[in-house]
Amino acid sequence: MVNETAKEGFRRLAFGGIHDAVRLLFCEDVNPRTLKNMDLFAVSEIRRPKNGGMEIRFFDRIEALRLLSELEMSGTGAQALLSAIESGAAALKDGDKP
C-alpha cells in the first residue's frame, strides 16, 4: 500500500503538468480560493522576494523518475520472491497428499 502510494506520487511528479503553477506565476490576483483550485503538486517552493515578483521551484523530474524506477524494480523482485515462496508451498502441500 505504501509502495503504491509512493509510486503514484513519483508518477505525478515525473509526468504531471505544471500549467497551474505557470498560471499562478502570471496571476494578478492571488487569493486562497484561487490557490485551492490549483494543482501545485509538483511545486517544491514558492517565494516572493522583497523586490517583488515570484519564484516557483519544482521538484526534480529526473530524480522522481529514478526513484520510481527503483520502486518498480524492487517491486518486481519482491513479487518474484513471493511467487517462488507460493510455488514452493504449493509443491510441499501437493507432496503431502497420498
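Along the sequence shown, the residues carry numbers beginning at 1. Worth saying up front: this structure is predicted, and the values here are computed from it rather than measured.
- Of all heavy-atom pairs between Phe58 and Ala21, the closest is CE2-CB, 3.6 Å.
- Between atom CG of residue Leu40 and atom CG of residue Leu24 there is a gap of 6.0 Å, rounded to the nearest 0.5 Å.
- Note on Leu65 and Phe41: same hydrophobic cluster, where clusters join Ile, Leu, Val, Met, Phe, Trp and Tyr whose side-chain heavy atoms are under 4.5 Å apart, directly or indirectly.
- How far CG of Leu13 is from CZ of Arg61: 8.5 Å, rounded to the nearest 0.5 Å.
- Taking each heavy atom of Ile18 and Ala42 in turn, the nearest pair found is CG2-CB, 4.3 Å.
- Of the charged side-chain nitrogens involved, none lies within less than 4.0 Å of a carboxylate oxygen, so that Arg12 and Glu8 do not count as a salt-bridged pair.
- Taken to the nearest 0.5 Å, the CD atom of Glu72 stands 8.0 Å off from the CG atom of Asn3.
- Closest of all the heavy-atom pairs between Leu71 and Ala6 is CD1-CB, 3.7 Å.
- Across all non-hydrogen atoms, the minimal contact from Val43 to Phe59 is O-CE1, 3.3 Å.
- Under a 3.5 Å cut-off, the side chain of Arg11 and the backbone N or O of Leu68 do not form any donor-acceptor pair.
- When atom types are taken as modelled, the side chain of Asp20 and the backbone of Asp39 share a donor-acceptor pair closer than 3.5 angstrom.
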